[in-house]
Protein chains: 2
Amino acid sequence: MRPAKALAKSLERVVPIGTLAERTGVKVETIRYYEQVGLLPEPERSEGNQRRYGRAHVERLAFIKHGRDLGFAVESIRTLLRLSDTPGMACDEAHAIAAEHLEEVRDKIARLRSLEAELARIATVCSGGVAASDCAVIEALADHSHCEHHGH
Amino acid sequence: MRPAKALAKSLERVVPIGTLAERTGVKVETIRYYEQVGLLPEPERSEGNQRRYGRAHVERLAFIKHGRDLGFAVESIRTLLRLSDTPGMACDEAHAIAAEHLEEVRDKIARLRSLEAELARIATVCSGGVAASDCAVIEALADHSHCEHHGH
DNA sequence: CTACAACCTCTAGCCACTACAGCTTCAAGA
DNA sequence: TCTTGAAGCTGTAGTGGCTAGAGGTTGTAG
């Protein structure tokens, strides 16, 4: 009694690229791209030259996906993968990468928050239906009052 | 008594691209790029084919710069410029663009904040110097516990 | 055996610049 | 007036991280 085919497929040891894509949530084209830039090792091929992935590939691609979801640059992920392949792992380095990225994220948040405040100010004036002859949004962009005091 | 040359230069009615760059804080290459994509109109040229900008260009480029600093896409700025050129200004449309952008910024902030929380969690575990045999950063990326419950 | 989905490679496109190569022009000092 | 060197010019290619499409081949269910 061998399992039905549909079941077999989901348990299969070796899968084509579409199945890998489904399993990891990474698009087929993106998988090929990761291979091209050397993030994902080249898999075996079928007789007809189609990619066949094993368990190790699934794991590695999931790692990459998690890293990207957390906003790590592909270069950082490359390093993290290398570290994770290292037997005596250099946790320091991994931590440094994560800490640096965290700082970048915090910087980005800070910048976006001041942007948000500025935009909210502009948009509110405008939506308030003030009887301005000119539009507050356009005015804000044309206005130099913000930049004169820092140089140009 | 004509003004000294240095002074004259800063008051000049017509300026080369480098001076425009200095005045607006936009790089020379970026100015040429804006011209190429039709954001900034083609200026007059000197006999030797060099660009010569007038007051209107300075104003327009400052408008663009302010828009970019606020994170507006070049396409949005194109529309906003068109609106600002329109005599009876369509404030509604300008407001809609600003409001939409504000929403995008807020979305981005929200996404970055949850990223920040996740990264902080990961990085803290690791920096705590816990006697883990494996690195928490690497573990977090290799771990499936976060993604299993939403499908892959 | 046939139909058709899934796969293949290769190339170009996205955004908003940035950088370079290889040239010409401008302007200040001697 | 001549020389030097900064600043200008055009055109092309590269950045990151994919995404889309053309035009062909392979795998597999019925």
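The structure displayed is predicted, hence computed values, not measured ones. Residue numbers begin at 1 in each chain, while the letters A, B, ... track the order of the sequences.
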S.K.: Among C/dC7, D/dG8, C/dT9, which is the nearest nucleotide to the side chain of A/R45?
M.R.: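 The nucleotide sitting nearest to the side chain is C/dT9.
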S.K.: Salt bridge or not between A/R121 and A/E118? Use side-chain N to carboxylate O under 4.0 Å.
M.R.: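 Yes.
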S.K.: Report the C-alpha separation of B/L70 and A/L141 in whole Å, then their side-chain angles, then the decisive distance to 0.1 Å, and conclude whether the side-chain contact (heavy atoms from CB on, under 4.5 Å) test is met.
M.R.: CA-CA 9 Å; B/L70 286 168; A/L141 293 173; 3.8 Å; yes
S.K.: Enumerate the protein-to-nucleotides 25-28 of chain D contacts in which both atoms are nitrogen or oxygen and the separation is below 3.5 Å.
M.R.:
| unit_1 | atom_1 | unit_2 | atom_2 | d |
| --- | --- | --- | --- | --- |
| D/dG27 | OP1 | A/S46 | OG | 2.9 |
| D/dG27 | OP1 | A/G48 | N | 3.0 |

S.K.: List the steps and the verdict of side-chain contact (heavy atoms from CB on, under 4.5 Å) for A/R45 and A/Q50.
M.R.: CA-CA 5 Å; A/R45 297 286 182 131; A/Q50 299 195 355; 6.0 Å; no
S.K.: Indicate yes or no: does B/E35 engage B/R32 in a salt bridge with an N to O separation below 4.0 Å.
M.R.: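 Here B/E35 does not pair with B/R32 in a salt bridge, since their nearest N and O are not under 4.0 Å apart.
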S.K.: When you check the gap from the basic side-chain N to the acidic O, do B/E116 and B/R113 get nearer than 4.0 Å?
M.R.: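 Salt bridge flag = no for B/R113 with B/E116.
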S.K.: Could you write nucleotides 13-22 of chain D as a row of B, S and -, 5' to 3', where a protein heavy atom under 4.0 Å of any base atom gives B, of only sugar-phosphate atoms gives S, and otherwise -?
M.R.: ----BBS---
S.K.: Give the rounded distance in Å between these two atoms: CD1 of B/I17 and P of C/dC26.
M.R.: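 From B/I17 CD1 to C/dC26 P: 15 Å.
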S.K.: What is the distance, rounded to the nearest whole Å, between atom CD of B/Q36 and atom P of C/dC17?
M.R.: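 One finds 13 Å between P of C/dC17 and CD of B/Q36, rounded.
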S.K.: Could you tell me whether a side-chain N or O of B/H95 sits under 3.5 Å from a main-chain N or O of A/A123, the two making a donor and an acceptor?
M.R.: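 Checking the backbone N and O of A/A123 against the side chain of B/H95, a donor-acceptor pair under 3.5 Å is found.
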S.K.: Kindly say whether B/V15 contributes a backbone atom to a donor-acceptor pair with the side chain of B/T19 at under 3.5 angstrom?
M.R.: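 Judged by distance alone, no pair lies under 3.5 Å.
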S.K.: Going by the rule salt bridge (charged side-chain N to carboxylate O under 4.0 Å, His left out), which residues pair with B/R60 if we only count those two or more places apart in sequence or in a different chain?
M.R.: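 For B/R60, the residues satisfying salt bridge (charged side-chain N to carboxylate O under 4.0 Å, His left out) (neighbours in sequence not counted) are B/D85.
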S.K.: To the nearest Å, how far apart are B/I31 CD1 and C/dA19 C1'?
M.R.: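 Rounding to the nearest Å, CD1 of B/I31 and C1' of C/dA19 are 16 Å apart.
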S.K.: Under 4.0 Å between a Lys/Arg side-chain N and an Asp/Glu carboxylate O for B/R111 and B/D107?
M.R.: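 No salt bridge links B/R111 with B/D107.
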S.K.: For B/R82, what residues pass the side chain to side chain donor-acceptor pair (under 3.5 Å) criterion, not counting sequence neighbours?
M.R.: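 So B/R82 forms no side chain to side chain donor-acceptor pair (under 3.5 Å) with any residue.
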S.K.: May I ask you to evaluate whether B/R51 reaches the phosphate of D/dG8, defined as a side-chain N or O under 4.0 Å from OP1 or OP2?
M.R.: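 Result: no.
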S.K.: Using rotation axes that map the C1' atoms of four end pairs onto the next four (five pairs an end), what angle separates the end axes of the helix from C/dC1-D/dG30 to C/dA30-D/dT1, to 10°?
M.R.: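 Rounded value for the end-axis angle: 10°.
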S.K.: Could you work out, with side chain to side chain donor-acceptor pair (under 3.5 Å) as the rule, every residue matching A/E44, not counting sequence neighbours?
M.R.: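 Scan of A/E44 (side chain to side chain donor-acceptor pair (under 3.5 Å), adjacent residues dropped) gives none.
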